[in-house]
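Note: hydrogens, waters and symmetry copies are ignored here, and every other heavy atom, side chains too, is used. Throughout, a chain's letter reflects where its sequence line sits, starting with A, and its residues are numbered from 1.
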Number of protein chains: 2
Amino acid sequence: MPRAGLTPVAVVDAALELLDAGDSAPTLAAVAGHVGVAAPSLYKHVPGASGLRHLVALRVIGELTARLRAAATGRSGDDAVAALLHAWRDYVLAHPHRYAAMPVQPLGDPDLARAASGMLDVVLAVLAGYGLTGQDAIHATRRIRAAAHGFATLEAQGGFGLAEDASESYQGLIDMITASLQ
Amino acid sequence: MPRAGLTPVAVVDAALELLDAGDSAPTLAAVAGHVGVAAPSLYKHVPGASGLRHLVALRVIGELTARLRAAATGRSGDDAVAALLHAWRDYVLAHPHRYAAMPVQPLGDPDLARAASGMLDVVLAVLAGYGLTGQDAIHATRRIRAAAHGFATLEAQGGFGLAEDASESYQGLIDMITASLQ
DNA sequence: GCCAGAAAGCTATGCCAATTAGCCAGAGCG
DNA sequence: CGCTCTGGCTAATTGGCATAGCTTTCTGGC
């Protein structure tokens, strides 16, 4: 039995591929099959199914943070907020199952908490451009996060059944948010 | 073996009790144990685990719709919107696992679609008070739903880790929404 | 080049949830 | 009294997760 040359990174890659292929909850057996290995062999690389989910979550939150940071750099004010929100939605639509694999509550795990805090920092940096700091900034990030997360989640799961253009709805959401930041 | 006097309604009740007791995904075995019966016996009353989830979802969406309707009746304008949003959040906080058991995408099942449409009607009725109809009203309901769903979901799952008062953040969210409806 | 040990596969096994099949008790009706 | 239907049950299958323990392959020191 030749070695497959697996690493934790490769296992997470495989899980992400399955997620992108439409499998909303890949099992260990599926991931193992995808990399050409028997299921128990994965335990040599990742700490079980929940551990793999955790690694996937870390990867996804890092990816999303990078996208948001890239979108916000070089912009400010309403322009930056719009870029942030578009990047957020684009990511969710491009990788709906990856996004769904990201836990809402990253506390309790130091790695995830750090990653989430990095994401928060991006938003806070944009809000600083409005002169928003301290508690006001926190309340504003919650508005942004609630709206973006809610919209993206609903849209990715097919929650907007009616014919109206979701992009138009999203533009309205963005306008609503930027108006609340003045 | 004396009869337990089960009905589909009683089985759903038991599942809801487990959800309220903190079990985020009660198994058939758990539900069966709660009503004092062996797991396979449940199949005489509900069509399997996924069927039970479906019945639970129907019940929850009906409950939430009733709360929203009750909150909106006798109010109009910003007052009605605020009441709607408060009722929404209150329900999610009171029954977080019930809310999580409600599918985002009710289409594909006629019963659920009808229930969801009833919920939509409540929101549309409130928006009619602003003179919003047709596509504008749909876009507005999406803003409301995205914000309320996003905020409630995040809060119920412990997503707001920082110390700032979530109720204050929510008031800001409500103000943001009503401002967008003028 | 060789060998020891670590790393990375494997098979076998156990547990749990869901489901199906098929048996049995008892309540209600003629 | 007995028939039949309903709602329980036990037994057995399937599939996912996890662990134990064996075997093979690679690597580093000599």
Contacts satisfying ring-ring contact (aromatic ring centres under 6.0 Å, His included) that involve residues 21-51 of chain A (not counting sequence neighbours) are none

Shortest side-chain distance from A:Leu28, nucleotide among D:dT10, D:dC17, C:dC10 | D:dC17

Walk me through it: do B:Tyr130 and B:Asp78 pass the test side chain to side chain donor-acceptor pair (under 3.5 Å)?
-> CA-CA 9 Å; B:Tyr130 288 88; B:Asp78 292 356; 2.4 Å; yes

Under 6.0 Å between ring centres, would you say that holds for A:Tyr91 and A:His86?
-> no

For DNA chain D, determine which residues of residues 41-53 of chain B have any heavy atom closer than 4.0 angstrom to one of its atoms, and list them numerically.
-> B:Ser41, B:Lys44, B:His45

Looking at the rings of B:Tyr99 and B:His149, which for Trp means the six-membered one, are their centres under 6.0 Å apart?
-> yes

Could B:Arg142 and A:Phe151 be counted as a cation-pi pair, given that NZ or CZ must be under 6.0 Å from the ring centre and within 45° of the axis?
-> no

With DNA chain C as reference, determine whether B:Pro26 or A:Pro40 sits nearer its 5' end, using the nearest nucleotide of each.
-> A:Pro40

